[in-house]
Protein chains: 2
Amino acid sequence: MPRPNRSAKKREELLPVLAEAFAEVGYRRATTAELARRCGVQETILYRLWNDKKAMFLAAIDHVYERSLTIWDGLLDAGEGKGTGAERILAHEATHHGEFGLYRVLFAGLDEVDDDEVKERLRATYRRFHRYIRDRIFEHRAARGIRDGVDADAAAWALLGLGTISNIGREVGLLTGAARRTLLRDIGQILLEGR
Amino acid sequence: MPRPNRSAKKREELLPVLAEAFAEVGYRRATTAELARRCGVQETILYRLWNDKKAMFLAAIDHVYERSLTIWDGLLDAGEGKGTGAERILAHEATHHGEFGLYRVLFAGLDEVDDDEVKERLRATYRRFHRYIRDRIFEHRAARGIRDGVDADAAAWALLGLGTISNIGREVGLLTGAARRTLLRDIGQILLEGR
DNA sequence: ACATTCTGACAGTACGCACTTACACTACGC
DNA sequence: GCGTAGTGTAAGTGCGTACTGTCAGAATGT
């Protein structure tokens with residue numbers, strides 16, 4: 001049995017680079033040649049790690065969620081005492097939201113939803129984001145003794161929308177950093193409280 | 001002087017078809033052959049009306065705004081007495097939002113923002129949408145005597161975000177029609193009032 | 001009727017891109 | 001050291017696609 005297989009490790013190593021590439025130029029324009037160049041490897045190597053370009057993209061979608069979750073969960077663990085978890089995440093996003101541009105992977109995916117696999121993966125990703133946010137809203141309201149807020153489900157969607165439009169505004173140069181901060185902070189608070 | 005030029009008329013006639021095509025399959029996948037097929041003409045004809053594919057896309061972006069505005073302005077003119085203009089638009093969108101899928105043209109554009117012309121056109125479009133909504137918020141609050149709501153500018157962005165995420169949710173199959181209705185209605189009302 | 005410009009159909013071209021084949025080389029277990 | 005299976009490099013290949021050249025015919029003002 002010669003040479004152990006390092007594929008898994010290599011995939012893990014290249015995935016962030018792929019995600020960044022898809023984020024920057026979208027799905028169609030991220031040519032396999034460009035992906036390989038950014039990874040510093042030959043195209044063949046990518047094709048040995050993933051079946052095709054779509055598989056690379058699907059993996060990148062998952063990476064977006066996992067990266068966000070890692071950061072958010074870190075915020076929940078650390079910094080106890082400075083408000084509820086939801087407030088801490090909101091405050092963090094108010095200053096750092098979208099700075100890695102990974103959300104653009106999701107935009108790229110929305111352009112490919114007529115592909116069933118892409119659509120399914122996007123659905124799973126958005127659902128996971130939504131549930132996570134909704135749970136934080138529940139926690140927040142429980143901690144604050146809020147019982148009459150609007151449906152937490154709807155509020156979670158609205159918060160997702162807030163993040164999305166904030167990114168779009170940045171993308172097209174309509175929202176400055178300061179504007180995004182007040183947007184996420186003020187409106188975010190209202191949605192959290194639900195009234 | 002033989003045969004008057006009907007280019008303008010023809011452009012006007014084909015533009016909705018182009019917009020629909022871009023909405024359905026995005027920019028990259030909307031091949032010129034496909035565009036021509038949907039329009040029922042030869043590719044050459046499209047190229048006589050627009051310089052290149054990008055010009056067709058830019059025109060489609062404008063069309064999205066103009067179509068929405070036509071509908072919304074119609075709602076403002078008609079149906080006086082049933083709430084403020086903002087409320088009427090919101091109620092309308094709650095049931096009809098995104099049913100033509102034209103917003104997907106904007107998603108497609110977001111995948112092409114590294115092109116300066118596309119980015120500029122998107123910025124102009126989002127700005128116009130934002131201003132229109134903001135003005136409706138001002139009117140609403142004036143009519144209701146609301147003076148302590150959150151910044152109308154921010155609220156307008158949040159409403160845009162609400163519409164956007166509503167479309168995304170529909171797109172990936174996470175939000176049913178009923179869910180979108182309550183989302184736009186309940187959260188929309190909160191944002192309108194600003195508290 | 002006629003000149004002139006618009007209109008429509010078709011084939012073609014150059015290129016970019018996803019994906020493959022082929023092959024030399026390397027590291028490991030026995 | 002030897003066979004096996006993983007790794008790196010290079011050169012294709014075939015297809016899809018944006019865009020063009022050509023040319024016959026059709027509609028208009030004079």
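All values below come from the heavy atoms of this structure, side chains included, with hydrogens, waters and symmetry mates left out. Labels below follow one simple rule: chain letters A, B, ... track the order of the sequence lines, proteins then strands, and each chain is numbered from 1.
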(request) Would you mind reporting whether A/Arg123 and A/Glu120 have side-chain heavy atoms less than 4.5 Å apart? (result) yes
(request) Name the nucleic acid region contacted by A/Ala36, choosing base, sugar-phosphate or nothing; use a 4.0 angstrom heavy-atom cut-off, strictly under. (result) nothing
(request) Identify whether any heavy atom of B/Thr31 sits under 4.0 Å from a base atom; if not, whether one sits that close to sugar-phosphate; answer base, sugar-phosphate or nothing. (result) sugar-phosphate
Expressed as a whole number of angstroms, how long is the span from [X]:[atom1] to [N]:[atom2]?
X	N	atom1	atom2	answer
B/Phe57	D/dC19	CZ	P	14 Å
A/Lys10	D/dG8	NZ	C1'	10 Å
B/Glu34	D/dC19	CD	P	16 Å
B/Leu46	C/dT7	CG	P	13 Å
B/Asp52	D/dC19	CG	C1'	9 Å
B/Asn51	D/dA18	CG	P	16 Å
B/Trp50	D/dT20	CH2	P	16 Å
A/Met56	C/dC17	CE	P	15 Å

Name the closest nucleotide to the [X] side chain, picking from [options].
X	options	value
B/Thr32	C/dA18, D/dC19, C/dG8	D/dC19
B/Ile45	C/dG8, D/dC19, C/dA18	C/dG8
A/Lys53	C/dC19, D/dA18, D/dG8	C/dC19

(request) Please work out which of the three classes, parallel, tilted or perpendicular, describes the rings of A/His96 and A/His92, given edges at 30° and 60°. (result) parallel
Has the side chain of [X] got a donor or acceptor atom sitting under 3.5 Å from an opposite partner on the base of [N]?
X	N	result
B/Glu43	D/dC19	yes
B/Thr44	C/dC10	yes
A/Arg48	D/dG8	yes

(message) Check whether B/Arg134 reaches the backbone of B/Ala156 with its side chain - one donor and one acceptor, N or O, closer than 3.5 Å.
(response) no
(message) Has A/Lys54 got a side-chain atom pairing as donor or acceptor with A/Val118's backbone, closer than 3.5 angstrom?
(response) no
(message) Can a side-chain donor-acceptor contact be found between B/Glu171 and B/Tyr103 if the only test is distance below 3.5 angstrom?
(response) yes
